[in-house]
Amino acid sequence: MVFAEEQGSYLGAAAALKSRSGRVGFIGGVRIPLLQKFEAGFAAGAAKARPGVDVSVDYVSVPPDFSGFGAPDRAKEIAERMMADGVDVIYTAAGGSGAGSLEAIAARKGVWAVGVDSDQYQTADPGVRDAILSSMIKRVDNAVFQEIQAFIKGDRAGGVKRFDLKTDGVGYSVSNEKAVAPVRRQVDSLRQRILDGGITVPTKPDLTLRTKTRRVFTP
């Protein structure tokens, strides 16, 4: 089972719409093609929702160094640096490193975090939960349920199955209802345009959308 992470990340358009400064950030764990799908979707969604938005991009590490998925201290430093530059909404897709980014964001008034994979508003420590605007969610529950249903109906094909917005395999969380409410209509409109085929979400980063210089953390 694989997922259309770029489509779920595109709905991070909520970040651009919620930003007061017009500056949003993406922190990836390791600069690999999978994580660049998250980056590509997020930057494209932000630019579509708010033309001219400033998108900062940084990764905790680059191959062959894969420590970026387990270095919360470094993710925290990157988040703090972004916020010092005026970024006020940060989407972090960095595995265990995300805890450091969230800690930094929660300590700064007026800054929002966007979680990843699961609804982090429901799983995070209560002390940081209110800083979470939304999360890009992978609906593994739906994917597994759909596969069980298919098996019961006689499907024995196996192979690789891709779950996207159309199959309800990815999406964005609205658990923090008060925070998401002002932008939800616009985000849902973009979601529908993807479903209708009016928007094709990129899977590779568009360098022209990075209006700030890429800075990769070097230990």
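Every value quoted in this text rests on a predicted model; they were computed, and no experiment measured them.
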Do L195 and M136 sit in one hydrophobic cluster, given that two such residues count as connected whenever their side-chain heavy atoms are within less than 4.5 Å of each other, even indirectly? yes
What I'd like to find out is whether the side chain of F163 reaches to under 4.5 Å of the side chain of K138, using heavy atoms alone. no
So if you build clusters from Ile, Leu, Val, Met, Phe, Trp, Tyr with side-chain heavy-atom gaps below 4.5 Å, do Y91 and V187 land together? yes
Short question: side chain of D119, backbone of S173 - any donor-acceptor pair under 3.5 Å? no
K161 atom NZ: more than 12 heavy-atom contacts under 6.0 Å: yes
Shared ILVMFWY cluster between I137 and F38, side chains joined below 4.5 angstrom? no
Is there side-chain contact between E39 and V55, with at least one heavy-atom pair below 4.5 Å? no
For Q120 and I132, the nearest pair of non-hydrogen atoms, with its separation, is O-CD1, 3.5 Å
NZ or CZ of R156 within 45° of F151 ring axis and under 6.0 Å: yes
Student check: side-chain heavy atoms of K204 and Q36 closer than 4.5 Å: no
Can a donor-acceptor pair be found, under 3.5 Å and without considering hydrogens, that links the side chain of D196 to the backbone of G198? no
Only one of I148, D141, N142 clears side chain to side chain contact (heavy atoms under 4.5 Å, CB included) with V144; which? I148
Ignoring hydrogens, what is the shortest heavy-atom contact between P205 and A40? Give both atom names and the distance. N-CB, 3.6 Å
Heavy atoms, side chains only, cut-off 4.5 Å: are V116 and F42 in contact? no
Considering non-hydrogen atoms only, spot the tightest contact between A79 and A104 and give its length. CB-CB, 4.0 Å
Is it true that, when you exclude R20 itself, more than 12 heavy atoms of the residues, nucleotides or ligands shown sit nearer than 6.0 Å to its CZ? no
Heavy-atom check, side chain of F3 versus side chain of D117, under 4.5 Å: no
Same cluster for V60 and L102 if Ile/Leu/Val/Met/Phe/Trp/Tyr side chains link at under 4.5 Å? no
Quick one: are Y172 and V180 in side-chain contact, heavy atoms under 4.5 Å? yes
Parallel, tilted or perpendicular: which describes the rings of F26 and Y59, with under 30° parallel and over 60° perpendicular? perpendicular
Is it the case that atom CZ in F145 sees more than 12 heavy atoms from other parts of the structure closer than 6.0 Å? no
